[in-house]
Amino acid sequence: MRLSYRGEPYHGWQCQPGAVTVQEVIEDALSKVLRTPMKIVGAGRTDAGVNARMMVAHFDVESPLADPARLVGSLNAMVGRDIAIHEIYRVADGLHARFDAVERTYHYYAVTEKSPFFYPLSWKAPATLDFEAMNRAAELLLTTSDFTSFAKLHTDTKTNICRVTHARWHRVVGEQGDGWVFVITADRFLRNMVRAVVGTLVEVGRGKITVEEFGRIIERRDRCAAGTSMPPQALYLWDVKYPPEHREVAPL
């Protein structure tokens with residue numbers, strides 16, 4: 001299942017007691033349409049308020065779906081305007097949407113001028129931020145494997161090791177306002193990692209810490225040494241990639 005969603009109305013992706021989540025809404029709709037209890041597994045666990053341009057999830061059925069396009073339409077009629085199901089397709093047996101993903105990309109959007117169009121889904125950045133310095137600091141992420149300094153404390157994660165292959169701020173010029181987008185790609189991400197990385201890079205851009213100090217923060221492996229987490233509404237899970245052998249093997 002390929003889908004997208006706006007994160008603001010939900011308490012993250014993953015089901016949890018006493019909170020409405022994206023996973024819960026889709027599972028409820030899928031269970032009603034297929035008339036049997038259904039569980040789905042997502043490619044990641046986005047935090048409360050975080051958006052997804054593309055999330056991938058898998059679910060198992062005992063027999064082939066008669067009309068997947070009709071199922072997509074039925075689900076979209078039930079999940080509300082903040083979730084969109086784009087496609088349901090068959091994949092190789094044993095595919096796991098989370099564990100088989102080899103690469104994930106996140107975008108964080110910052111606008112440098114006030115915009116009535118972008119404010120709910122971006123962060124208003126000071127015009128004086130030094131993005132060149134922020135990019136010099138971001139290059140250090142490519143030579144790092146331990147991201148403990150940017151990991152949420154007291155989680156059940158067994159390792160804080162990640163392999164970042166791209167981390168850079170790119171200029172965005174549009175008719176409705178100019179800004180920047182931070183693009184970061186890795187094999188995996190820790191809870192709150194991207195927002196903590198961006199928050200610390202902003203400290204560099206504001207001149208509060210140097211690029212060298214950013215490197216020392218990484219080396220300290222201490223979340224308390226890094227900057228604050230950025231607001232969630234500007235963060236998007238942008239893409240998820242899988243090995244070629246896990247691509248669609250036949251239409252349902």
Side-chain angles (χ1 to χ4, degrees), residues 1-7 9-106 155-159 161-163 185-191 193-194 235-252:
M1 178 186 294
R2 186 171 57 86
L3 65 135
S4 58
Y5 54 85
R6 187 171 69 94
Y10 303 102
H11 202 77
W13 164 266
Q14 190 174 20
C15 289
Q16 49 193 292
V20 178
T21 67
V22 179
Q23 182 184 19
E24 176 190 3
V25 170
I26 298 174
E27 285 182 350
D28 287 349
L30 193 60
S31 299
K32 290 175 181 175
V33 174
L34 298 182
R35 299 181 180 180
T36 186
M38 296 295 299
K39 296 294 182 182
I40 63 174
V41 177
R45 302 176 180 178
T46 54
D47 293 335
V50 174
N51 312 292
R53 169 186 172 267
M54 187 180 80
M55 170 66 84
V56 177
H58 82 257
F59 62 93
D60 299 313
V61 290
E62 294 183 359
S63 58
L65 297 173
D67 190 343
R70 184 175 180 179
L71 175 58
V72 169
S74 297
L75 293 176
N76 278 325
M78 299 175 69
V79 295
R81 64 184 182 182
D82 297 303
I83 299 174
I85 311 299
H86 302 296
E87 187 180 15
I88 293 175
Y89 52 94
R90 181 182 173 187
V91 295
D93 289 343
L95 170 71
H96 195 287
R98 180 183 175 192
F99 297 134
D100 288 340
V102 296
E103 183 179 280
R104 298 164 174 86
T105 297
Y106 278 87
T155 68
D156 57 359
T157 303
K158 294 182 174 59
T159 176
I161 301 299
C162 306
R163 183 176 63 88
T185 300
D187 59 342
R188 63 189 292 264
F189 286 92
L190 309 171
R191 284 190 63 187
M193 173 177 157
V194 180
L235 181 60
Y236 299 73
L237 174 59
W238 198 257
D239 197 11
V240 184
K241 294 189 182 301
Y242 295 89
E245 61 268 25
H246 287 308
R247 291 183 180 176
E248 183 178 349
V249 295
L252 284 171

(message) Assess whether a salt bridge exists between E87 and R2, defined as any Lys/Arg side-chain N lying under 4.0 Å from an Asp/Glu carboxylate O.
(response)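 Salt bridge flag = yes for R2 with E87.
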Are the side chains of [Y] and [X] in contact, using a 4.5 Å heavy-atom criterion?
{"X": "R45", "Y": "R191", "answer": "no"}
{"X": "F189", "Y": "V194", "answer": "yes"}
{"X": "M55", "Y": "V22", "answer": "no"}
{"X": "D187", "Y": "C162", "answer": "yes"}
{"X": "V102", "Y": "D100", "answer": "no"}
{"X": "V50", "Y": "Y236", "answer": "no"}
{"X": "D47", "Y": "W13", "answer": "no"}
{"X": "N51", "Y": "L237", "answer": "no"}

Atom [atom1] of [X] and atom [atom2] of [Y]: how far apart are they, to the nearest 0.5 Å?
{"X": "R188", "Y": "L190", "atom1": "CZ", "atom2": "CG", "value": "5.5 Å"}
{"X": "M38", "Y": "I26", "atom1": "CE", "atom2": "CD1", "value": "12.0 Å"}
{"X": "L75", "Y": "D28", "atom1": "CG", "atom2": "CG", "value": "11.5 Å"}
{"X": "Y242", "Y": "L95", "atom1": "OH", "atom2": "CG", "value": "6.5 Å"}
{"X": "T21", "Y": "Q14", "atom1": "OG1", "atom2": "CD", "value": "8.0 Å"}
{"X": "Q23", "Y": "H11", "atom1": "CD", "atom2": "NE2", "value": "13.5 Å"}

(request) Please identify each residue that fulfils ring-ring contact (aromatic ring centres under 6.0 Å, His included) with H58, with sequence neighbours left out. (result)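 ring-ring contact (aromatic ring centres under 6.0 Å, His included) check on H58 returns H96.
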(message) Y10: which residues meet the ring-ring contact (aromatic ring centres under 6.0 Å, His included) condition with it, sequence neighbours left out?
(response)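 Listed in chain order: nothing, the list is empty.
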List the atom pairs, with distances to 0.1 Å, where a side-chain N or O of residues 60-71 and a protein N or O form a donor-acceptor pair under 3.5 Å, not counting sequence neighbours.
residue	atom	partner	partner atom	Å
D67	OD1	A69	N	3.4
D67	OD1	R70	N	3.1

Any donor-acceptor N/O pair, [X] side chain to [Y] backbone, under 3.5 Å:
{"X": "E24", "Y": "Q16", "value": "no"}
{"X": "R98", "Y": "A43", "value": "no"}
{"X": "N76", "Y": "A84", "value": "no"}

(request) Apply the test side-chain contact (heavy atoms from CB on, under 4.5 Å) to residues M1 and V56: give CA-CA distance (whole Å), side-chain angles for both, the deciding distance (0.1 Å), then the verdict. (result) CA-CA 6 Å; M1 178 186 294; V56 177; over 6 Å; no
(message) If you compare all heavy atoms of I88 against all heavy atoms of I85, which two are closest, and at what distance to 0.1 Å?
(response)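 Reported closest heavy-atom pair: CG1-CG2, 4.3 Å.
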(message) Distance alone, cut at 3.5 Å: any donor-acceptor contact between the side chains of Y5 and T46?
(response)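 Looking only at side-chain atoms, T46 and Y5 do form a donor-acceptor pair, the distance falling under 3.5 Å.
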(message) The test is side-chain contact (heavy atoms from CB on, under 4.5 Å); show your working for F59 and K39 and say whether it passes.
(response) CA-CA 6 Å; F59 62 93; K39 296 294 182 182; over 6 Å; no
